[in-house]
A.B. asks: 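Supplied in structure tokens, the structure appears directly below.
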There are 2 protein chains.
Amino acid sequence: MIAFVFLFDICQFLMQRMAAETLTLRAEDIHTVRSLPLFADISESQFGALMGAAFLQRFPAQTQLIHEGDQADFLHVIVEGMVEMFSTSNGEETTIGFLEPVSTFILAAVLVEKVYLQSARTLEPSRILMIPAQAIRDVFARDPAFAGPVVRELAERYREVVRQLKSQKMQSGLERLAAWLFARGERRGDVIETRIPFEKAKLASFLGMTRESLSRSFASLADHGVTVRGRVIFCNRPDALARLARTEHSTHDH
Amino acid sequence: MIAFVFLFDICQFLMQRMAAETLTLRAEDIHTVRSLPLFADISESQFGALMGAAFLQRFPAQTQLIHEGDQADFLHVIVEGMVEMFSTSNGEETTIGFLEPVSTFILAAVLVEKVYLQSARTLEPSRILMIPAQAIRDVFARDPAFAGPVVRELAERYREVVRQLKSQKMQSGLERLAAWLFARGERRGDVIETRIPFEKAKLASFLGMTRESLSRSFASLADHGVTVRGRVIFCNRPDALARLARTEHSTHDH
DNA sequence: CGCCGCTTTGAGTCCATTCAATTCCGGTGG
DNA sequence: CCACCGGAATTGAATGGACTCAAAGCGGCG
């Protein structure tokens with residue numbers, strides 16, 4: 001049984017290899033990875049060890065990089081493209097987050113040598129740097145300068161998930177949407193502009209609702225100065241959006 | 001303004017002091033804290049430094065130990081009693097978790113020198129060891145043996161919250177309840193027995209539903225062999241419970 | 001025994017989802 | 001350049017699950 005699972009893993013790995021394209025690390029890429037807070041402090045030699053063991057691959061869109069439940073064998077770094085973290089249970093799928101360059105993901109599973117709790121797939125053609133988990137753990141054990149950044153990374157991720165859990169439990173879908181638009185939008189004068197860089201269905205899943213509900217939520221936001229033009233959202237009353245995001249239950253306007 | 005806030009903090013602290021009772025550390029307590037995975041590996045001298053800066057307090061039930069939004073000044077260790085982690089937003093409150101001896105809480109906020117994202121209160125009379133955040137950070141910086149356990153603790157907490165988020169987004173209240181009963185129950189022969197060590201309303205809030213819904217969920221679980229007797233829950237078909245917990249959507253029985 | 005707080009039950013309402021149909025949009029090929 | 005196609009997004013109607021409000025049990029403790 002174990003043997004079969006192992007064989008299956010190998011097959012999967014080879015198939016992925018075939019679908020992907022292994023690239024040599026370019027100096028420029030190494031530099032961007034090196035500049036990540038996670039790696040900024042470690043010694044040159046340890047960083048060299050990590051990069052020596054790592055490899056960079058190019059994946060097409062919609063490639064599943066990580067399968068929830070697998071042993072965490074690599075720390076992934078997204079160098080270019082876009083990655084979705086998600087989870088599947090009894091056929092249902094929910095989006096847990098999105099990753100843009102340059103960031104690492106699933107550090108927790110790698111460090112504690114456990115299985116992944118989430119899956120990951122590319123949403124665009126992407127370049128991913130894969131560092132063997134063992135190399136990460138080795139450097140962690142050897143280089144004390146690595147501990148600080150690792151802890152900061154973990155702690156920040158933890159706090160992010162706590163925020164997500166809170167908003168999931170205490171806010172309505174409309175409020176989560178407002179908060180998302182506000183947090184991620186860019187101010188242009190007195191309007192705020194937010195671009196959704198993926199399908200709206202993904203955003204809906206991330207916010208914990210259906211596409212239809214998201215669509216209706218956008219419609220409701222018209223009362224708050226929001227205009228939707230495809231994947232670009234404008235709001236000419238950012239304060240109204242912020243107020244809603246902070247979950248204003250007192251105001252029952254209509 | 002700042003001065004007033006500071007004054008307020010001091011008042012709060014003093015009031016807490018008055019409500020609480022400062023205790024001297026007993027050798028026995030020190031030993032239990034020392035045996036925590038988080039502290040097991042650090043050097044004797046560093047541990048001594050931590051304990052020297054720390055103090056143990058006894059709090060009555062329903063005492064708020066941590067106010068969400070405050071700067072994280074202490075790492076708390078629950079030595080005896082029961083603590084609830086919760087969060088408040090626009091008047092609504094949600095329970096995020098429960099802590100029993102012996103465990104630490106809010107390590108993440110302490111390490112990154114940020115504000116607490118959650119509040120904490122005692123649910124029973126409790127003894128809490130409070131270690132100044134700065135002492136924790138100092139030891140972390142000085143003793144490399146501390147890094148591993150810290151990372152393991154953080155990583156596990158992170159994974160726990162991810163699990164909570166997933167179950168919140170993908171499972172029904174009924175399924176979450178089944179999962180909770182199953183995970184926390186004790187096998188006695190072919191029945192499983194679970195004791196709820198706090199108000200059912202707290203459990204409802206933790207599971208993300210109202211008391212009424214929780215009550216109705218218990219009623220529905222009767223079909224799965226569940227009997228409720230006050231705060232003690234029995235199930236004579238643990239497999240049915242487990243199946244439901246794994247979120248069996250396919251089976252539409254009746 | 002009687003009070004008080006927690007829990008349960010009931011009834012009605014509301015909001016999100018589901019299912020279904022239509023519109024919108026980008027890309028392709030004639 | 002335009003017609004067409006398919007996937008995505010929106011809209012509508014109906015369902016259902018969870019919540020709110022209200023009232024009635026239950027249980028522990030003085």
Side-chain angles (χ1 to χ4, degrees), chain A residues 61-62 84 90-95 123-124 167-178 181 194-223 226-233 244 247-250 252-254, chain B residues 61-62 84 90-95 123-124 167-178 181 194-223 226-233 244 247-250 252-254:
Chain A
Q62 304 301 331
E84 173 194 12
N90 71 92
E92 298 291 315
E93 177 176 319
T94 195
T95 301
L123 292 183
E124 305 172 355
S167 89
Q168 197 64 41
K169 289 180 77 175
M170 298 202 287
Q171 291 185 277
S172 69
L174 188 70
E175 292 163 343
R176 284 194 294 277
L177 174 58
L181 290 175
T194 315
R195 211 179 57 81
I196 309 173
F198 32 72
E199 293 176 9
K200 283 186 186 159
K202 296 287 181 204
L203 176 59
S205 176
F206 175 69
L207 295 176
M209 47 181 154
T210 58
R211 317 188 255 307
E212 295 93 329
S213 293
L214 176 65
S215 188
R216 288 182 238 275
S217 295
F218 272 124
S220 317
L221 283 182
D223 308 343
V226 169
T227 320
V228 179
R229 196 173 306 155
R231 285 184 180 175
V232 185
I233 319 295
L244 187 61
T247 193
E248 181 116 359
H249 270 183
S250 46
H252 277 274
D253 43 5
H254 61 66
Chain B
Q62 305 302 330
E84 174 194 12
N90 69 92
E92 299 289 315
E93 176 176 319
T94 195
T95 301
L123 292 183
E124 305 172 356
S167 89
Q168 197 63 43
K169 289 180 77 174
M170 298 202 287
Q171 292 186 277
S172 69
L174 188 71
E175 292 163 344
R176 284 194 295 276
L177 174 58
L181 289 174
T194 315
R195 209 178 59 80
I196 309 173
F198 32 72
E199 294 177 7
K200 283 185 186 161
K202 296 286 181 204
L203 177 59
S205 175
F206 175 68
L207 295 176
M209 47 181 151
T210 58
R211 327 187 248 309
E212 293 94 328
S213 294
L214 176 65
S215 187
R216 290 183 237 273
S217 294
F218 272 125
S220 317
L221 283 181
D223 307 344
V226 169
T227 319
V228 179
R229 195 174 307 154
R231 285 184 180 174
V232 186
I233 319 294
L244 187 60
T247 193
E248 180 115 358
H249 270 180
S250 46
H252 278 273
D253 44 6
H254 71 64

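Naming convention: chains lettered A, B, ... in sequence-line order (proteins, then strands); numbering from 1 in each chain.
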A.B. asks: Once you round it to whole Å, what is the distance between P of D:dA9 and CZ of A:Phe218?
C.D. replies: 10 Å
A.B. asks: Take atom CG of A:Leu214 and atom C1' of D:dT10, then tell me their distance rounded to the nearest Å.
C.D. replies: 11 Å
A.B. asks: What is the distance from atom CG of A:Leu177 to atom CG of A:Leu203, rounded to the nearest 0.5 Å?
C.D. replies: 6.5 Å
A.B. asks: Only pairs under 3.5 Å count here: list side-chain donor-acceptor contacts from residues 212-219 of chain A, not counting sequence neighbours, and write none if there are none.
C.D. replies:
residue, atom, partner, partner atom, Å
A:Ser213, OG, A:Thr210, OG1, 3.0
A:Ser217, OG, A:Ser213, O, 2.9

A.B. asks: Taking the side chain as every heavy atom from C-beta outward, state whether A:Ile233 and A:Leu221 have any atom pair closer than 4.5 Å.
C.D. replies: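 No, every pair of side-chain atoms sits at 4.5 Å or beyond.
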A.B. asks: Nearest whole Å is fine: how far is D:dA8 P from A:Arg231 CZ?
C.D. replies: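 Taking atom P of D:dA8 as the reference, CZ of A:Arg231 is at 9 Å.
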A.B. asks: Strictly below 4.0 Å: does A:Lys202 bring a side-chain N or O up to OP1 or OP2 of D:dA8?
C.D. replies: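 Indeed not, no polar side-chain atom of A:Lys202 lies that close.
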A.B. asks: How many Å lie between NZ on B:Lys200 and P on C:dC6, as a whole number?
C.D. replies: 13 Å
A.B. asks: Return the value, rounded to whole Å, for the distance between atom CD of A:Gln168 and atom P of C:dA16.
C.D. replies: 12 Å
A.B. asks: Might you list the N or O atoms of the protein lying below 3.5 Å from N or O atoms in nucleotides 12-15 of chain C, with each pair's distance?
C.D. replies:
none

A.B. asks: Protein within reach of the bases, or only the backbone? For nucleotides 18-30 of chain D, mark each nucleotide 5' to 3' as B, S or -, using heavy atoms under 4.0 Å.
C.D. replies: SSBB---------
A.B. asks: About how many Å separate CG of A:Leu207 and CG of A:Leu174, when rounded to the nearest 0.5 Å?
C.D. replies: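 With rounding to 0.5 Å, CG (A:Leu174) is 10.5 Å from CG (A:Leu207).
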A.B. asks: First locate atom CD of A:Gln168, then atom CZ of A:Arg176, and finally report the distance between them rounded to the nearest 0.5 Å.
C.D. replies: 4.0 Å
A.B. asks: Of all residues at least two apart in sequence or in a different chain, which pass the salt bridge (Lys or Arg N to Asp or Glu O under 4.0 Å) check with A:Glu93?
C.D. replies: A:Arg121
A.B. asks: Between atom CZ in B:Arg211 and atom C1' in C:dT8, what is the gap in whole Å?
C.D. replies: 11 Å
A.B. asks: Once you round it to whole Å, what is the distance between C1' of D:dG6 and CD of A:Glu199?
C.D. replies: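 My rounded result for the distance is 13 Å.
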A.B. asks: Quickly work out the B:Gln62 CD to C:dG5 P distance and round it to whole Å.
C.D. replies: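 Rounded to whole Å, this separation is 13 Å.
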A.B. asks: Going by salt bridge (Lys or Arg N to Asp or Glu O under 4.0 Å), name the pairs with one or both residues in residues 196-211 of chain A, residues two or more places apart or in two chains.
C.D. replies: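 Output for this query lists A:Glu84-A:Lys202.
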A.B. asks: Sequence neighbours excluded, which residues qualify as side chain to side chain donor-acceptor pair (under 3.5 Å) partners of B:Thr94?
C.D. replies: A:Lys169
A.B. asks: Give a yes or no on whether the backbone of B:Arg231 and the side-chain of B:Arg195 come within a donor-acceptor separation of less than 3.5 Å.
C.D. replies: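 Side chain of B:Arg195 to backbone of B:Arg231: no pair is present.
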